Structures are given as structure tokens and as C-alpha cells.
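Order of the sequence lines sets the chain letters (A, B, ...), proteins ahead of strands, with each chain counted from 1. This one's a predicted model, so the numbers in the text were calculated from it and none came from an experiment.
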Number of protein chains: 2
Amino acid sequence: MRKHFAEELDDLKERLLYMGGLVETSVHRGVHAFLERNTALAESVLKETEPEINRLQVEIDQEVLRLLALQQPMAVDLRFLAAVLKITNDLERIGDLAVNMVQAAMRPHELATAVIDLPRMADRTQFMVHAALDSLVSRDPRLARQVLTTDDEVDRIRDQIFRDLIQRMTREPGEIELALSLLFVARNLERISDHATNIAEDVIFWVEGVDVRHHLQS
Amino acid sequence: MRKHFAEELDDLKERLLYMGGLVETSVHRGVHAFLERNTALAESVLKETEPEINRLQVEIDQEVLRLLALQQPMAVDLRFLAAVLKITNDLERIGDLAVNMVQAAMRPHELATAVIDLPRMADRTQFMVHAALDSLVSRDPRLARQVLTTDDEVDRIRDQIFRDLIQRMTREPGEIELALSLLFVARNLERISDHATNIAEDVIFWVEGVDVRHHLQS
């Protein structure tokens with residue numbers, strides 16, 4: 001027996017959330033692998049979550065194409081399916097960035113990370129990824145808009161981290177390579193927060209039919 | 001009179017290519033604005049190409065939704081429309097990265113950029129963006145695969161640039177901030193080449209129905 005379209009959309013949403021959960025896990029593990037130099041955590045990202053995220057992207061995209069072909073959805077459902085195609089892209093990219101952090105975790109780093117605001121930046125970024133997906137499942141554009149404002153906060157923390165690290169490199173040339181790896185982790189967190197912002201914008205477009213992408217950014 | 005679906009797809013392709021051409025222009029101007037410290041070029045990206053790219057993304061995405069709703073395309077056309085949604089995402093991201101380079105161009109930098117391989121990296125990256133779009137318009141998966149191999153070359157150049165710049169920062173702490181801005185431009189070029197790779201992968205999926213994304217990457 002064929003499932004009803006509404007059920008199929010629910011299944012798809014569930015699978016997308018499962019993918020999102022894995023991406024959250026990757027980010028969390030990536031950051032902590034780096035901060036705590038935990039190679040077991042790092043390996044779990046490379047060997048478990050990352051391949052599973054990639055597999056899910058292919059699978060979900062194929063499912064979207066199948067539904068577009070068979071169900072010929074209109075209006076809000078059509079916008080939802082289009083949003084899913086863009087969101088799997090963003091989630092997969094976030095997964096790649098978590099892998100970058102994991103690779104940074106594999107290199108030695110001894111800088112007192114506590115002096116810089118990386119843990120706080122990681123915390124806000126993880127909130128953004130989680131809230132972006134939450135706004136999707138609860139169809140909540142208000143929560144999606146909260147993601148957009150948190151992005152500004154993340155940008156401010158990043159500016160502070162960059163200033164601190166440049167000072168540090170100037171004072172201690174021997175620490176340049178270490179400071180650079182912290183800079184790149186901060187840069188990765190910034191990009192993750194940008195992708196969470198994209199997802200939130202896709203949710204607003206899906207629910208309200210309003211394309212907020214280039215109104216808020218410009 | 002309603003246009004035929006084939007004509008509408010051609011129009012869409014043309015508009016996507018126009019967007020792609022603007023993105024290429026942005027990248028070209030962004031790199032040269034940075035290398036030559038040309039603020040007029042930098043301003044033309046911020047005030048002309050970038051807003052136009054953003055406008056086109058919204059417009060093209062809406063057109064895809066309209067075609068999906070009204071034409072209920074199947075198989076290869078459906079995959080094409082899905083690919084367009086992902087490609088506008090990538091193009092818009094490339095545009096953002098060009099803006100990043102432009103912003104770096106606005107800051108003073110005096111490093112002898114000729115000693116490092118940034119112009120060559122910029123050249124290969126521009127080839128990738130151009131070839132990715134060419135492979136789309138000519139439906140040429142062979143050209144798309146060439147984009148994927150050029151990506152490896154770009155990664156090698158980036159590694160070399162990173163090694164050179166880290167050496168330089170260690171020797172000349174006074175040049176750290178300048179070297180960092182070169183590092184970030186190299187990083188942006190790397191990301192642009194990643195997006196061109198995504199576009200090439202979407203083209204292969206569209207034409208051959210083969211999802212190469214996570215076979216080649218892993």
C-alpha cells in the first residue's frame with residue numbers, strides 16, 4: 001500500500017532531522033576533540049558520523065526527487081521540498097567543517113585555549129545549528145529569526161578572538177602555527193554559523209513564503 | 001501565449017549562466033582588487049555585481065519553484081531543476097567569498113605577493129568556476145570531471161602557499177597581519193574551488209543521474 005503524501009513528508013522530515021542530529025554531534029565532537037585533544041572523539045567523527053552524514057545526503061536528495069516526480073506537490077509542500085535540497089547542502093558542509101576541526105585536533109596544540117573565547121563561540125554556534133533544525137521541525141519562523149540574531153553575536157566573538165590571536169602571534173612568533181590553528185577553528189565555527197543562518201532563512205522561506213536571504217544580509 | 005517547457009528551461013539556463021558570469025566577474029575583480037590594491041574594482045564588486053547576484057538567486061529560485069509546480073517535470077528535467085537550486089546556492093556563496101577578498105583588498109597590504117603562488121591559484125580557481133558552468137551549458141560531464149581533478153591541483157598550491165606564509169610570519173613577526181590576509185585570500189580561493197567542484201558534481205548528477213558527491217570525496 002502506498003503511503004499518504006503527508007506521511008511521506010513526515011518521514012522525510014524525520015530523516016532530515018536525523019541527519020541534522022548527526023551534524024550537531026559532529027560539530028560538538030569536533031570542537032571538543034580540538035579543545036581537549038581527544039583523538040578518540042576525533043576518530044569517531046571521521047569514521048562514524050561523517051560517512052553517515054554523506055550517505056544521508058544522497059539518500060534524502062533522492063527521496064526529494066522521487067516525491068517531486070510522483071506527488072507533484074504545490075505551494076507550501078513544494079517550497080518545503082526545495083528547502084530540503086538546500087538544507088542537505090548546508091548540513092553536509094557543516095559536516096565538512098567539523099571534519100576540518102577534527103583534523104586540526106590531530107595536530108599538536110598547547111595554547112591556553114581558555115584565554116580566548118573559543119568555547120563560548122562553539123557554544124553559540126552549536127545553539128544556532130540546533131535552533132535552525134528545531135525551527136524546521138516546529139515550523140517556527142520566530143525561532144529561525146533568533147538564529148539570525150545569534151549570528152551577529154558569533155561574529156563579534158570571532159572579531160575578539162582574531163584580535164587576541166594576532167596580538168599573541170606578534171608577541172610570540174614561536175606560537176604562530178598554534179595560533180593559526182586556533183584562528184582556523186574560529187573561522188570554521190563562523191562558517192558553521194553562516195550555514196545555520198542559511199538553514200534558518202530556508203525555513204522562513206518555506207513557512208512564510210518570504211525570501212529573507214538578501215534583505216537581512218545586505 | 002504560454003511558452004513551451006523546453007523554452008522555459010532554456011531561459012532558466014540562460015539566466016543561471018548570466019548569474020554564473022557575474023560570479024566569475026566578482027571573483028576576477030576580487031582577486032585583482034586584492035593583488036593590485038585597486039579600490040575602484042573593489043567598489044564595483046560591492047555596489048554592482050554582488051547585489052545583482054543576490055537578486056538573481058532569489059529570482060531563479062522562484063522560477064524553479066514555478067516550473068516545478070506548473071510543469072511537473074520528470075527524470076532528467078527534474079534533476080536539472082533540483083541541480084539549479086543547489087547551484088544558485090553555490091554561486092551565491094562564491095559571490096560572498098569574492099566580497100571577502102574585496103574587503104581584504106580594502107585593508108593595506110605590502111607583502112610582495114609575487115613571491116607566493118596566489119596569482120596561479122587564482123587562475124586555476126577561475127578556470128574551475130568557468131569550466132563548471134561550461135559543463136552545465138554544454139551538458140558535458142567530461143568537462144565537469146576535469147573540474148574535479150583541477151581541485152586537487154588547487155589544494156596542492158594552497159599547501160605550498162601556507163608553508164611559505166608560515167615561514168614568513170615566523171621570520172618577520174611585523175608582517176603577521178599582512179601574511180594573515182594573504183592566508184585568508186588563499187583560503188577563500190580554496191573554498192571557491194570547492195563550490196565549483198559542487199557545481200560540477202551537480203552537473204554530473206543531472207546528466208548521468210550518478211551521484212558522485214561522496215564517492216570522489218571520500
Side-chain angles (χ1 to χ4, degrees), chain A residues 50-51 53-55 57-59 61-62 64-66 68-75 77-79 81-90 92-93 96 162 165-177 179-180 183-184 187 191 194-195 198 202 205 209 211-215 217-218, chain B residues 46 50-51 53-55 57-59 61-62 64-66 68-75 77-79 81-86 88-90 92-93 96 162 165-177 179-180 183-184 187 191 194-195 198 202 205 209 211-215 217-218:
Chain A
E50 170 68 6
I53 289 166
N54 290 345
R55 194 187 62 70
Q57 185 190 11
V58 172
E59 193 185 292
D61 283 1
Q62 278 168 350
V64 169
L65 287 181
R66 197 183 67 81
L68 284 172
L70 296 185
Q71 301 284 1
Q72 297 154 352
M74 304 295 284
D77 292 334
L78 179 59
R79 287 202 308 272
L81 291 174
V84 170
L85 285 178
K86 287 181 183 286
I87 288 170
T88 58
N89 248 21
D90 281 314
E92 190 265 342
R93 284 277 164 178
D96 284 349
F162 272 46
L165 285 171
I166 289 172
Q167 265 189 14
R168 189 139 187 172
M169 287 192 268
T170 312
R171 266 202 320 266
E172 298 286 348
E175 282 185 353
I176 282 175
E177 273 193 75
L180 269 184
L183 263 181
F184 283 130
R187 182 52 75 113
R191 296 222 171 262
D194 286 345
H195 286 294
N198 281 1
D202 287 334
F205 180 60
D211 205 322
V212 292
R213 288 178 299 193
H214 302 298
H215 305 260
Q217 274 172 26
S218 57
Chain B
L46 297 178
E50 169 69 6
I53 289 166
N54 290 345
R55 195 186 61 70
Q57 184 189 12
V58 171
E59 195 184 291
D61 283 0
Q62 277 167 351
V64 170
L65 288 182
R66 196 183 67 81
L68 284 171
L70 295 185
Q71 302 283 1
Q72 297 154 354
M74 302 296 285
D77 292 334
L78 179 59
R79 287 202 308 271
L81 292 173
V84 169
L85 286 178
K86 287 183 183 285
T88 58
N89 247 22
D90 281 314
E92 190 265 343
R93 283 278 165 178
D96 284 349
F162 272 46
L165 285 172
I166 289 172
Q167 266 190 13
R168 189 139 185 169
M169 286 191 272
T170 312
R171 267 201 320 267
E172 298 286 349
E175 282 185 353
I176 282 174
E177 273 194 76
L180 268 184
L183 264 181
F184 283 130
R187 183 52 74 113
R191 298 224 170 258
D194 285 345
H195 287 293
N198 281 0
D202 287 334
F205 180 61
D211 205 322
V212 292
R213 286 178 300 195
H214 301 299
H215 305 259
Q217 274 172 24
S218 58

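Neither the backbone nor the side chain of B:L81 comes within less than 4.5 Å of any heavy atom in chain A. When heavy atoms are compared at a cutoff of 4.5 Å, A:R93 approaches chain B solely by way of its side chain, counted from C-beta outward. Only the side chain of B:R187 comes within contact range of chain A, judged by heavy atoms closer than 4.5 Å. Looking at B:D194, both its backbone and its side chain come within 4.5 Å of chain A, counting heavy atoms on both sides. Of the two parts of B:L78, the backbone and the side chain both hold a non-hydrogen atom closer than 4.5 Å to a non-hydrogen atom of chain A.
Looking at heavy atoms from C-beta onward, B:I166 lies in side-chain contact with A:E177 at the 4.5 angstrom threshold. Put simply, the side chain of A:Q71 does not reach to within 4.5 Å of the side chain of A:D77, judged on heavy atoms. Put simply, the side chain of A:I53 does not reach to within 4.5 Å of the side chain of A:Q57, judged on heavy atoms.
Top candidate by heavy-atom pairs under 4.5 Å with chain B, chosen from A:T170, A:I176, A:V64, is A:I176. In terms of heavy-atom pairs under 4.5 angstrom with chain B, the leader among A:R79, A:M169, A:E172, A:R171 is A:M169. Of all the listed residues (B:L68, B:D90, B:L183, B:T88), the one sharing the greatest number of non-hydrogen pairs under 4.5 Å with chain A is B:L68.
Summarising the local packing, CD of B:Q72 is surrounded by more than 12 heavy atoms from other residues, nucleotides or ligands at distances under 6.0 Å.
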Verdict with supporting geometry, B:Q62 and B:V58, side-chain contact (heavy atoms from CB on, under 4.5 Å)
CA-CA 6 Å; B:Q62 277 167 351; B:V58 171; 4.0 Å; yes
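Using a 30° and 60° split on the angle between ring planes, B:F184 and A:F162 fall in the parallel class, below 30°.
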